[in-house]
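Notes follow the structure.
Note that the numbering runs from 1 along the sequence shown for the chain. Below, each value reflects all heavy atoms present in this structure, side chains not excepted, and no hydrogens, waters or symmetry copies.
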Amino acid sequence: MVQEYQSPVRVYKHPFELIMAAYVRRFPKSPLIPVFVDSEIVNETQSKDGSTVVTERRCMIDIEAPRLLKRIAGVDYLYFLQKNTLNHRDRTLHIEVRNETFSNRVIVYESCNYTVHPENEDWTCFEQTASLDIKSFFGFENSAEKIAMKQYASSIKKGKEMIEYYLRELEDEGVTYIPHWTPPVVSGTIRLQLPPHSIIVPGSPDDKLDADYIRRYLGDLTPLQESCLIRLRQWLQETHKGKIPKDQHVLRFLRARDFNMDKAREFLCQSVTWRKQHQVDFLLDTWERPQLLQDYYTGGWHHHDREGRPLYILRLGQMDTKGLVRALGEEGLLRQVLSINEEGLRRCEENTRVFGRPISCWTCLVDLEGLNMRHLWRPGVKALLRIIEVVEANYPETLGRLLILRAPRVFPVLWTLVSPLIDENTRKKFLVYAGNDYKDPGGLVDYIDNEIIPDFLRGDCMCDIPEGGVVPKSLYRTAEELESEENRLLTDSIYKCASIFKGAPYEMLIEITEASSVITWDFDVCKGDVHFNIYHSKRVPQPPKKDTLGAHGITSPGAVNAQMIDRNWVLGEDYSMVEKALICKEGESVQGSHVTRWPGCYILQWRFHSSPACSASSLPRVDDVLASLQVSSHKCKIMYYTEVLASHDFRGSMTSLQSSHSGFSQLSAATTSSSQSHASSTVSR
């Protein structure tokens with residue numbers, strides 16, 4: 001595999017002629033580069049007017065390699081051929097280097113250019129490219145490649161230090177200015193020299209990265225890391241039309257893949273395509289944050305940490321995650337999260353300018369006071385995991401530190417569910433404090449100044465973040481509304497809808513292969529009242545047959561829903577009820593779980609529930625009349641979600657959904673629960 005290197009544009013704030021005077025002092029050898037043992041000039045020519053000088057040298061290099069490898073190769077030193085073309089008129093120096101030793105096994109090529117800065121004729125630019133192709137090397141190709149790349153990276157750094165060293169040496173000798181080259185005057189003729197600013201320098205300064213710019217805005221990178229950034233950036237400019245990510249964002253993708261060019265390129269291309277497809281670059285300017293989020297989303301930006309990183313605070317324990325998912329849908333909640341990340345990128349750029357140093361990530365403070373089992377609502381957790389996947393795929397290396405405060409006992413459960421989807425490098429940035437441990441040494445004050453600790457953490461700084469609360473069910477959206485969203489960033493819908501008719505229950509078949517598996521459910525009764533039952537059968541239900549009325553082919557109500565329980569089955573013989581029936585009223589939300597005792601087929605059944613008839617001695621009540629009008633079509637409607645968990649996953653995620661009626665930070669609505677020895681259900685009104 002060919003290894004390539006591309007340097008940034010290094011700018012010396014000295015004239016070209018002075019840089020050349022410093023450069024030639026490195027020959028024939030320099031104590032600043034011990035591996036450069038010696039060099040000799042093998043050929044030197046110049047043009048008639050003396051404007052162009054071509055110098056060819058043979059250079060001896062002592063590579064720092066294991067002695068055994070040198071003995072196998074049969075050499076102590078490596079020889080390279082260097083060709084320097086100095087053009088005094090154009091004020092350029094072009095350098096080409098090729099290896100002489102092992103040229104039939106290894107191909108080394110280097111090209112360097114010293115040129116006048118396009119915007120300041122008293123400054124000098126330096127650029128460097130190189131390639132290494134090891135075809136064969138006595139079976140030690142990988143070792144030789146690593147040694148060569150390490151040695152080359154070291155020599156790049158030394159080269160810059162060497163020029164600066166000899167510039168100081170010249171200054172100490174009193175040499176601070178060297179006049180520009182002028183052509184010799186020939187009798188009877190006049191020669192004009194073009195002004196330096198008329199020289200056309202290949203390339204444009206707009207598409208090149210300056211070394212000082214990298215250091216100021218991107219941070220300290222090794223030469224090879226700089227090369228990866230420049231090459232990936234150039235590739236994007238050549239292959240992607242339109243807007244490409246900023247340098248800071250490109251660097252994040254490289255860091256996320258340990259500067260592996262191929263992996264980072266694939267990773268970044270997928271994200272660029274995603275951003276274009278969903279117009280994410282315009283999200284902050286076009287997306288209007290719903291009032292619902294302004295009232296119930298308990299998160300917001302709050303100053304910065306001690307290192308200048310933007311600080312985002314999320315009071316997760318005070319947030320009604322289920323209500324937000326049900327009212328906004330995954331799409332709406334994801335857009336909120338994306339807008340936070342886009343705003344974070346902007347704030348990083350702003351803080352980089354304000355603090356005068358590169359800031360590429362932010363700090364997130366998550367307060368978990370109030371977190372309980374209600375937050376482990378399975379569809380909500382599943383939506384959270386899917387959002388994490390999108391963020392991890394498109395905003396790598398944006399989280400500098402995550403401070404988790406007041407973590408309750410239930411936190412390890414949530415962490416077990418979420419952590420597998422979080423990158424390992426990101427997980428290392430998590431700091432968790434239980435109870436009031438964040439107040440101790442090594443706690444919050446080590447990362448955030450006392451002056452900006454929020455008031456809800458007993459600090460002195462007012463924090464303008466909503467208090468949250470339970471999202472009213474009147475704001476909940478129907479399954480049809482959630483499924484009809486256009487340009488969705490997430491493909492699947494968590495919930496499914498089902499209609500229940502009188503005499504035609506809705507049944508769902510779940511096949512269990514291992515005993516002690518756990519069936520979990522969550523459903524809302526959107527219209528009418530229903531009976532909810534769970535049955536077990538060792539027999540596999542047969543596919544339902546079509547049922548029509550008369551020759552006109554009118555479908556009967558019983559054929560609307562597929563019936564899993566055959567009408568000829570006998571309860572107690574062919575199938576059995578494993579839980580007591582639960583009556584669920586219109587508007588109720590029901591969560592529950594059942595630990596299975598046996599393998600086989602389990603059937604979840606929702607059946608139409610009729611209000612009990614009024615006694616003969618009493619007139620019908622107004623409520624009964626209104627209820628009969630509302631369900632005059634003998635139709636009920638539910639929106640449901642189910643999932644089957646292995647027993648060990650269940651114990652690691654939730655022990656009983658009955659605990660979800662514990663109060664939700666003293667903000668939840670009244671709840672009732674019904675539980676059996678092997679099941680638990682919670683009904684929320």
Side-chain angles (χ1 to χ4, degrees), residues 297-321 340 344 347-348 351 354-355 357-376 381 384 388 391 397-469 652-655 659 662-667:
Y297 190 86
T298 55
W301 294 99
H302 181 76
H303 300 285
H304 55 80
D305 67 5
R306 288 184 179 271
E307 298 179 36
R309 296 167 173 163
L311 176 63
Y312 189 83
I313 295 179
L314 180 65
R315 302 185 67 181
L316 184 60
Q318 305 298 313
M319 187 182 296
D320 181 6
T321 52
I340 293 171
R347 287 175 178 263
C348 284
N351 285 19
V354 171
F355 292 100
R357 60 178 181 272
I359 295 174
S360 61
C361 53
W362 52 84
T363 294
C364 185
L365 187 155
V366 180
D367 179 24
L368 296 184
E369 184 184 46
L371 188 79
N372 55 43
M373 295 303 293
R374 181 184 177 99
H375 291 84
L376 298 182
V381 171
L384 173 63
I388 289 176
V391 172
E397 297 296 318
T398 53
L399 181 65
R401 183 176 292 113
L402 180 64
L403 303 171
I404 301 176
L405 309 185
R406 301 196 280 195
R409 292 182 178 180
V410 74
F411 172 72
V413 178
L414 182 61
W415 179 246
T416 301
L417 295 172
V418 172
S419 61
L421 288 179
I422 301 176
D423 180 76
E424 182 180 357
N425 291 333
T426 304
R427 291 201 299 268
K428 293 177 182 177
K429 303 170 184 176
F430 285 39
L431 297 173
V432 183
Y433 300 92
N436 292 321
D437 291 349
Y438 69 92
K439 300 178 182 178
D440 299 333
L444 192 58
V445 292
D446 283 13
Y447 306 102
I448 300 175
D449 290 330
N450 273 314
E451 294 77 13
I452 63 172
I453 293 180
D455 51 350
F456 64 84
L457 294 175
R458 299 182 182 178
D460 298 327
C461 188
M462 295 298 295
C463 188
D464 187 20
I465 292 178
E467 292 292 332
S653 60
M654 58 183 88
T655 55
S659 62
S662 58
F664 182 50
S665 306
Q666 293 76 45
L667 297 173

Step-by-step side-chain contact (heavy atoms from CB on, under 4.5 Å) determination, V432 to D437: CA-CA 9 Å; V432 183; D437 291 349; over 6 Å; no

Quick one: closest heavy-atom pair of [X] and [Y], and the distance?
X	Y	value
C463	I313	SG-CD1, 4.1 Å
T298	G468	CG2-CA, 3.3 Å
D446	R306	O-CD, 3.4 Å
P466	G299	CD-O, 4.4 Å
H303	C461	NE2-SG, 3.7 Å
D305	Y447	CB-O, 3.2 Å

Derivation and outcome, ring-ring contact (aromatic ring centres under 6.0 Å, His included), residues W362 and Y312: CA-CA 7 Å; W362 52 84; Y312 189 83; 8.7 Å; no

Measuring from [X]:[atom1] to [Y]:[atom2], what's the distance to the nearest 0.5 Å?
X	Y	atom1	atom2	value
L371	R409	CG	CZ	14.0 Å
R427	L399	CZ	CG	13.0 Å
N351	I359	CG	CD1	5.0 Å
Y297	I465	OH	CD1	10.0 Å

Residue pair Y438, D367: steps toward the side-chain contact (heavy atoms from CB on, under 4.5 Å) verdict: CA-CA 11 Å; Y438 69 92; D367 179 24; over 6 Å; no

Do the side chains of [Y] and [X] get nearer than 4.5 Å, heavy atoms only?
X	Y	value
R406	Y433	no
L402	C364	yes
T321	L384	no
I422	W415	yes
L368	P408	yes
L365	L314	no
R309	R401	yes
D455	D460	no

Audit row: H302, I452, side-chain contact (heavy atoms from CB on, under 4.5 Å) steps and yes/no: CA-CA 8 Å; H302 181 76; I452 63 172; 4.2 Å; yes

Under-4.0 Å salt bridge between E397 and K429: yes

side-chain contact (heavy atoms from CB on, under 4.5 Å) between L403 and L444, worked out: CA-CA 8 Å; L403 303 171; L444 192 58; 3.7 Å; yes

Lys NZ or Arg CZ of R315 over F456 ring: under 6.0 Å, within 45°: yes

Trace of the salt bridge (Lys or Arg N to Asp or Glu O under 4.0 Å) decision for R357 with E307: CA-CA 10 Å; R357 60 178 181 272; E307 298 179 36; over 6 Å; no

D464 atom CG, over 12 foreign heavy atoms within 6.0 Å: no

